[in-house]
Structure formats: C-alpha cells, structure tokens
*Asks:* 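Structure in structure tokens, see below.
What you see is a predicted model, and the numbers here were worked out from it, not measured in a lab.
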Amino acid sequence: MIVFDSSTLLLLAKSGLLDNFISDYTDEIIIPMEVKEESCDRKNSFDSLLIQKRIDEKKIKAVKVHNIKLCEKFMQDFSIAKGEAEALVLAFEEKAALLAVDDKNAIKASKILKIPFTTAISILVRLVERGIIDVNKAKEGLELLAVYGRYKDSTIREVRERLKITKEE
C-alpha cells in the first residue's frame with residue numbers, strides 16, 4: 001500500500017505522470033479524506049478533475065482517518081497541515097509500504113517516524129528505470145515538476161544527469 005499526500009498527488013497529475021504510476025503500481029493507492037478534499041477542491045482544474053475521476057474509478061481509495069488526536073499531535077509537533085498529518089497517521093497506523101509526500105516538514109516527520117517515503121521526482125525516476133515511460137515523457141514530466149514542485153535546481157540537474165536528459169536552451 002502507498003499513501004499519498006496532496007502535494008505529491010497533485011504534482012503527478014500536473015506533470016502527466018499519475019496514470020503512468022497508477023498503471024504500474026500493483027498494490028493499493030490510498031489517500032485520506034482531507035487529501036481528497038485538498039486535491040479535488042478546484043472543480044475546473046485538470047489535475048483536480050483527473051484525481052476525482054481516478055477516485056470514482058476506484059483506482060485511488062479515499063479513507064477516513066479516525067485517530068484525530070494523533071493527527072493533531074503530528075500537526076503541532078511537525079508544523080504540518082491537516083492533509084499531511086492525516087497521510088502520516090494513515091501511513092504510520094497501516095504500516096504502509098510508502099508515503100508519497102513532497103512537503104518538507106512532512107518528509108522530516110517521515111524520517112523521525114521511520115516511515116518509508118518517496119517524492120514525485122523519485123516516482124518519475126522509478127517510472128523511467130522500470131521502462132514505463134521513455135526519456136521524452138520523462139523530460140516533459142521533469143520540466144513540469146521543475147515548474148510546479150519546490151525542487152532545488154541541483155535536484156533537477158541530478159535527475160537530468162541520472163536519466164541522461166538534455167536540457168534544451
């Protein structure tokens with residue numbers, strides 16, 4: 001099982017990689033209800049509509065988080081929003097294989113709580129290395145992640161080098 005936070009879910013949708021990930025990932029993809037609300041709240045945006053459609057198709061499962069006290073504790077302890085806290089609680093309690101998260105403080109919390117995590121950019125690398133997408137699709141996705149994500153220039157450069165993606169001027 002993989003639990004998604006809204007930041008990573010939205011980044012994959014915006015970069016055109018969400019369906020590639022869904023088609024390749026064979027285990028359950030879960031999001032907390034707060035993440036669903038955060039991800040699907042802009043009714044006319046492509047990424048929100050895409051995510052809602054994948055939920056409707058039951059490719060992504062939205063679940064209610066019941067441990068509100070732990071959620072509030074994580075929000076306070078790690079200075080994170082409710083969506084990140086719910087994703088952390090869900091991943092922690094369900095012993096998820098991975099937490100997909102791109103929020104800096106939630107990543108720190110994952111490390112402290114020893115929750116295995118991944119990011120949108122790591123998912124892009126995995127898709128290329130598994131042969132799910134080609135270098136051209138990876139280049140498009142990486143360019144969009146560079147625009148929408150809060151990645152350091154050095155991170156984008158490292159991924160370009162690793163995947164042998166040339167940057168056009």
*Asks:* So which pairs with a foot in residues 83-95 pass side-chain hydrogen bond (donor to acceptor under 3.5 Å, both in side chains), sequence neighbours left out?
*Replies:*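 Listed by first then second residue: Asn67-Glu93.
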*Asks:* Under the rule for salt bridge (Lys or Arg N to Asp or Glu O under 4.0 Å), what residues qualify as partners of Lys108, not counting sequence neighbours?
*Replies:*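 Not a single residue meets the salt bridge (Lys or Arg N to Asp or Glu O under 4.0 Å) criterion with Lys108.
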*Asks:* Heavy-atom distance under 4.5 Å between the side chains of Leu142 and Ile121, does that happen here?
*Replies:*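 Side-chain contact under 4.5 Å: yes.
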*Asks:* Check this for me, if you would: do Lys59 and Asp19 make a salt bridge, where the nitrogen-to-carboxylate-oxygen distance has to be below 4.0 angstrom?
*Replies:*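 No, this pair does not count.
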*Asks:* Crowded around Arg42 CZ? As in, over 12 foreign heavy atoms under 6.0 Å?
*Replies:*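 Yes, the 6.0 Å shell around CZ holds more than 12 heavy atoms from other groups.
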*Asks:* Looking at Lys82, I want to see if its NZ is surrounded by more than 12 non-hydrogen atoms of other residues, nucleotides or ligands under 6.0 Å.
*Replies:*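 Atom NZ in Lys82 is not packed in, count stays at 12 or less.
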*Asks:* Is Lys53 salt-bridged to Glu57, going by a charged N under 4.0 Å from an acidic O?
*Replies:*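 Salt bridge between Lys53 and Glu57, a charged N being under 4.0 Å from a carboxylate O: yes.
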*Asks:* Going by the rule ring-ring contact (aromatic ring centres under 6.0 Å, His included), which residues pair with Phe74 if we only count those two or more places apart in sequence or in a different chain?
*Replies:*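 With neighbours one apart ignored, the set is Phe78.
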*Asks:* Does the pair Arg130/Asp24 count as a salt bridge with the N-to-O cut at 4.0 Å?
*Replies:*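 A salt bridge is present here (some side-chain N lies under 4.0 Å from a carboxylate O).
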*Asks:* Heavy-atom count check: over 12 atoms from other residues, nucleotides or ligands less than 6.0 Å from Tyr151 OH?
*Replies:*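 Yes - once you tally the heavy atoms of other residues, nucleotides and ligands closer than 6.0 Å, there are more than 12.
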*Asks:* Around atom CG of Asp153, are there more than 12 heavy atoms of other residues, nucleotides or ligands at under 6.0 Å?
*Replies:*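 Atom CG in Asp153 is not packed in, count stays at 12 or less.
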*Asks:* What pairs with Glu28 under salt bridge (Lys or Arg N to Asp or Glu O under 4.0 Å), at least two apart in sequence or on another chain?
*Replies:*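 Partners of Glu28 under the salt bridge (Lys or Arg N to Asp or Glu O under 4.0 Å) test: Lys61.
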*Asks:* Output, in order, the C-alpha distance, side-chain angles, deciding distance and verdict of side chain to side chain contact (heavy atoms under 4.5 Å, CB included) for Glu143 and Lys139.
*Replies:* CA-CA 6 Å; Glu143 287 172 5; Lys139 182 178 180 177; 3.5 Å; yes
*Asks:* Take Leu17 and Lys137 through the side chain to side chain contact (heavy atoms under 4.5 Å, CB included) test and state the conclusion after the steps.
*Replies:* CA-CA 9 Å; Leu17 299 170; Lys137 175 79 173 170; 4.2 Å; yes
*Asks:* For Glu140 and Asn136, which I'm curious about, is there any donor-acceptor pair between the side chains at under 3.5 Å?
*Replies:*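 Looking only at side-chain atoms, Asn136 and Glu140 do not form any donor-acceptor pair under 3.5 Å.
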*Asks:* Does Ile107 belong to the same Ile/Leu/Val/Met/Phe/Trp/Tyr cluster as Val35, with side-chain heavy atoms less than 4.5 Å apart forming each link?
*Replies:*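 Per the 4.5 Å side-chain linkage, Ile107 and Val35 are not co-clustered.
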*Asks:* With sequence neighbours excluded, what pairs up with Ser6 under the side-chain hydrogen bond (donor to acceptor under 3.5 Å, both in side chains) test?
*Replies:*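 For Ser6, the residues satisfying side-chain hydrogen bond (donor to acceptor under 3.5 Å, both in side chains) (neighbours in sequence not counted) are Glu38.
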*Asks:* For Tyr148, which residues count as a ring-ring contact (aromatic ring centres under 6.0 Å, His included) partner, sequence neighbours excluded?
*Replies:*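 Listed in chain order: nothing, the list is empty.
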*Asks:* Step through the shown structure and confirm whether more than 12 heavy atoms of other residues, nucleotides or ligands are within 6.0 Å of CD on Gln76.
*Replies:*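 No, the 6.0 Å shell around CD holds no more than 12 heavy atoms from other groups.
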